[in-house]
Amino acid sequence: VVAGTYPKVTVDAKGRATTVANVAISALALLPLICIAGDATGQNPADATTYNYGLQSGFDPSSVAAPSALPVVAPRTGTVIAAYGNVNVSGTLGSAQNATFRVINVTAATSEDISSAVAFTAVNNAYSNAAMTLAVTAGDRLRIEFLTPTWTTNPTACYFSTTILIQPS
């Protein structure tokens, strides 16, 4: 099934068509949704550090090649077309320097930035990219990479979540 308009037929008890109407199915209704969530315990990110996170595993400051953060596995082949995230700072708010968040396809060794302008200056700091083109294959391992700036004031007790939309090919 692809996005479009499809007929909907209502039949009576004898099997006769009584109503014919068109029903629209949007492309968003057909998208599988992958949710990657950061650690629920709150993190205190350090200056100038690269972290990875996946499915409820907290941060992993190790390399992208072999991080211990549990990956999310792509359920279908397609393209990451959007990512939406939020950083909740429940402790000290960070200074005005920005962080970068990106989606990493660990299996294919490819990545694409979600945003390089993520601030930690409010309690809730949303970020998104609705124009992504990162290719994925069913079974690929995906993670979020988070690159911290050198803050004047480091944020504390941060909670992270990111949702990725994959359009099937």
Side-chain angles (χ1 to χ4, degrees), residues 1-6 23-43 45-46 48-90 94 97-149 151 155 158-169:
V1 175
V2 295
T5 302
Y6 295 90
V23 177
I25 298 177
S26 73
L28 286 178
L30 302 172
L31 293 176
L33 180 66
I34 297 176
C35 180
I36 298 178
D39 196 305
T41 62
Q43 300 290 324
T49 303
T50 299
Y51 296 100
N52 289 275
Y53 66 90
L55 189 61
Q56 296 293 334
S57 61
F59 281 158
D60 180 3
S62 65
S63 72
V64 175
S68 62
L70 296 172
V72 173
V73 178
R76 304 211 27 204
T77 297
T79 303
V80 173
I81 61 167
Y84 302 91
N86 188 67
V87 178
N88 175 277
V89 182
S90 64
Q97 296 78 20
N98 290 325
T100 297
F101 283 77
R102 65 177 51 120
V103 177
I104 295 191
N105 182 333
V106 178
T107 306
T110 57
S111 66
E112 186 170 347
D113 284 359
I114 302 169
S115 177
S116 59
V118 182
F120 288 64
T121 55
V123 172
N124 285 299
N125 304 276
Y127 58 93
S128 64
N129 182 344
M132 297 181 73
T133 59
L134 183 65
V136 296
T137 301
D140 282 355
R141 296 174 298 130
L142 307 176
R143 291 198 179 92
I144 299 300
E145 184 175 75
F146 161 43
L147 296 81
T148 64
W151 282 291
C158 301
Y159 297 80
F160 301 84
S161 64
T162 304
T163 301
I164 298 172
L165 295 176
I166 297 176
Q167 184 173 35
S169 53

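It should be emphasised that the depicted structure is a prediction, and the values quoted were computed from it without experimental measurement.
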Donor-acceptor pair, side chain of [X] and main chain of [Y], under 3.5 angstrom:
X    : Y    : result
N125 : V87  : yes
T50  : L147 : no
Y127 : T100 : no
T148 : A48  : yes

Where is the tightest heavy-atom contact between [X] and [Y], given as atom of each residue plus distance?
X    : Y    : value
V89  : P155 : CG1-CB, 4.2 Å
T79  : V136 : N-CG2, 4.5 Å
P45  : F146 : CB-CE2, 4.0 Å
F160 : Q43  : CE1-CB, 4.2 Å
T133 : E112 : N-OE1, 2.9 Å
I166 : R76  : CG2-O, 4.4 Å

So how far is it from [X] [atom1] to [Y] [atom2], rounded to the nearest 0.5 Å?
X    : Y    : atom1 : atom2 : result
L142 : N105 : CG    : CG    : 5.5 Å
S161 : Y53  : OG    : OH    : 6.5 Å
I164 : N129 : CD1   : CG    : 11.5 Å
I81  : M132 : CD1   : CE    : 10.5 Å

Apply the side-chain contact (heavy atoms from CB on, under 4.5 Å) test between V103 and each candidate in L134, V72, T162; give the one that qualifies.
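Running side-chain contact (heavy atoms from CB on, under 4.5 Å) over L134, V72, T162 with V103 returns exactly one hit, L134.
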Do N52 and I104 make a side-chain contact, defined as non-hydrogen atoms from C-beta onward lying under 4.5 Å apart?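 Contact flag for N52/I104 side chains = yes.
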Is the shortest heavy-atom distance from the side chain of L165 to the side chain of Y84 under 4.5 Å?
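Yes, close enough: below the 4.5 Å cut-off.
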Show me the donor-acceptor pairs, under 3.5 Å and distance only, between side chains in residues 113-120 and residues at least two apart or in other chains.
unit_1	atom_1	unit_2	atom_2	d
D113	OD1	R102	NE	2.8
D113	OD1	R102	NH2	3.1
S115	OG	A117	N	3.1

